[in-house]
Amino acid sequence: MLQVSQIIAEKERFIEGLKKRKFPNAEATLAKAIELDEMRKSSQQSLDANLAEANAIAKEIGALMKQGQHAEADKIKIRTAELKAQSKDLAEKKEEVEKELQTLLYTIPNIPHISVPFGASEEDNEVVKLVGEMPVLPESALPHWELIKQYDIIDFDLGIKITGAGFPVFKGKGARLQRALVNFFLDEATAAGFGEVQPPILVNEASGIATGQLPDKEGQMYFVNNDNLYLIPTAEVPITNLYRDVILNEDQLPVKHAGFTPCFRREAGSWGAHVRGLNRLHQFDKVEIVQICKPEDSYKALDGMCNHVAGLLEKLGLHYRILRLCGVDIGFTSALTYDFEVFSGAQKKWLEVSSVSNFETYQANRLKLRYKDSDKKTQLLHTLNGSALALPRIIAAILENNQDEHGIRIPEVLIPYTGFDRI
RNA sequence: AGAGGAGUGGCAGAGUGGUCGAAUGCGGCGGUCUUGAAAACCGUUGUACUGAAAGGUACCGGGGGUUCGAAUCCCUCCUCCUCUGCCA
């Protein structure tokens, strides 16, 4: 969530930024936020003045009672009745304005970083890096949804029976390959200084709001009605919320965490012929990296996280590219996002396997995540996160790209984890 | 899940209707003393909104209520502890 003080200080840049996102009525929306904030202040001031008078009278009554002057006390009580009624009105008005302001601020996305390109669609995402070679596969190469049947390693039909579409069952070497990747990713993250955590995979409403999934993407999360809990769409939610309502000391920064969790996404309305097999699931596994740092360090941190993800893909021998997302494709809460896509040889298409973002203070403002700087002033921190990595599409790419007449070759770095070199 | 108890500042812990944003101790910070350190002593030490400032307002688990006035009384929710039950 943007801060009104920021909006006032950098109005021109914010308007430009919102236009990059094709956000409608940028000027009017920001002006409205500033106006509502003014109203908030003035109604707060009237209410405070009212309460101050009531407090003064209450003290006076207390003093009179002590001296036994009950008649005198009763006399001033008349005024307090008026004040009480007024305070109630003023408080209601204040709450109304505050709520209206908050509702408005919830609708305003983060301001894109200066380097975010303008664009009309995902076609305009900027390719900033291309690494490796296109896999050369024989004509007979099969897409992963055929391979998994042939080798009996992932079973969609079984998942449909016990749960529903989009919940595959990993079997035998498929299950082992997935576990190998998880362990490999976690070991790499640990080596890079990301402290491992295992958070809950159900979260409450406050957590969903703080990282920005709520109220914006309510329908995308599974919800457990009986207990008012949401299944996480990404480990970003619980891990970042570890630091909700926290004031860190400068020497605790940066905070770096990695966590492995299943992720759950309803993906309502986003299904079609182009999302076969492992390309899109309701439940999938992912190792997430999260970083919290001082504002001046966050873009260096973003680069560091990108290098980490790039390193993983290189070790797995995958052909990949990095995209800088354009204004219309970048996520609601993000200021700058790099997507990583691997080439899936048999499908002949790029699959997104990671998204690394800097949220600047957008999440921190909702989280109330701050630190005391060298002047002992508390100020908002920057939050970042990225997938390192999402499993199913990596598996799809490995299966497709590494297939030959003898089966599927396991990447060298994974063999110590799988215990076999071929499926 | 049932019965009982409890939630107060970084921590411990007092406070059962007014002078309480809250005693006291510990911790933190600054200082005196010291070659230095420790001890001792003195001072200081929550967050947010608002205001140029002085100040004002709110916050004693969350929300609501009673009262001129609530940390204190009432309702409700949450969390923790003890006992009983159940369970990986």
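First the proteins, then the strands, lettered A, B, ... as listed; each starts at 1.
Atom CG of A:Asn365 is separated from atom C1' of B:rA48 by 13 Å (rounded to the nearest Å). What separates CG of A:Asp48 from P of B:rA48 is a distance of 16 Å, to the nearest Å. For the pair A:Lys94 NZ and B:rA48 P, the computed distance is 16 Å after rounding to whole Å. A:Lys88 places its NZ atom 17 Å from the C1' atom of B:rC68, with the value rounded to the nearest Å. Nucleotide B:rA48 holds its C1' atom 16 Å from the CG atom of A:Leu51, rounded to whole Å. Residue A:Asn50 contributes atom CG, which lies 14 Å from atom C1' of B:rA58 at whole-angstrom precision. Remark: P of B:rA52 and NZ of A:Lys41 are 9 Å apart, rounded to the nearest angstrom. To the nearest angstrom, P of B:rU47 lies 16 Å from OH of A:Tyr371.
Of all nucleotides present, only B:rU47 satisfies the Watson-Crick or G-U wobble test against B:rA58, with each distance under 3.5 Å.
Look at A:Lys84 and you'll find a side-chain N or O under 4.0 angstrom from OP1 or OP2 of B:rG69. Close to B:rU50, at under 4.0 Å from its OP1 or OP2, lies no side-chain N or O of A:Ser42.
When all heavy atoms of A:Ile423 and A:Leu177 are compared, the pair lying nearest together is CD1-CD2, 4.4 Å.
Comparing atom distances between the A:Ala58 side chain and each of B:rU57, B:rC68, B:rU47 picks out B:rC68 as nearest. The side chain of A:Asn55 has B:rA58 as its nearest neighbour among B:rC49, B:rA58, B:rG69. Closest contact between the side chain of A:Arg370 and the listed nucleotides B:rA58, B:rU47, B:rG18 involves B:rU47.
Within the nucleic acid shown, A:Lys77 comes within 4.0 Å of at least one base atom, counting heavy atoms only. Counting any heavy atom pair closer than 4.0 Å across all strands shown, A:Arg79 reaches no nucleic acid atom. The residue A:Lys372 sits close only to the backbone: its heavy atoms come under 4.0 Å of sugar-phosphate atoms, none of a base. Heavy atoms of A:Ile57 sit nowhere under 4.0 angstrom from any nucleic acid atom.
Donor-acceptor pairing under 3.5 Å is recorded for the side chains of A:Asp285 and A:Gln178.
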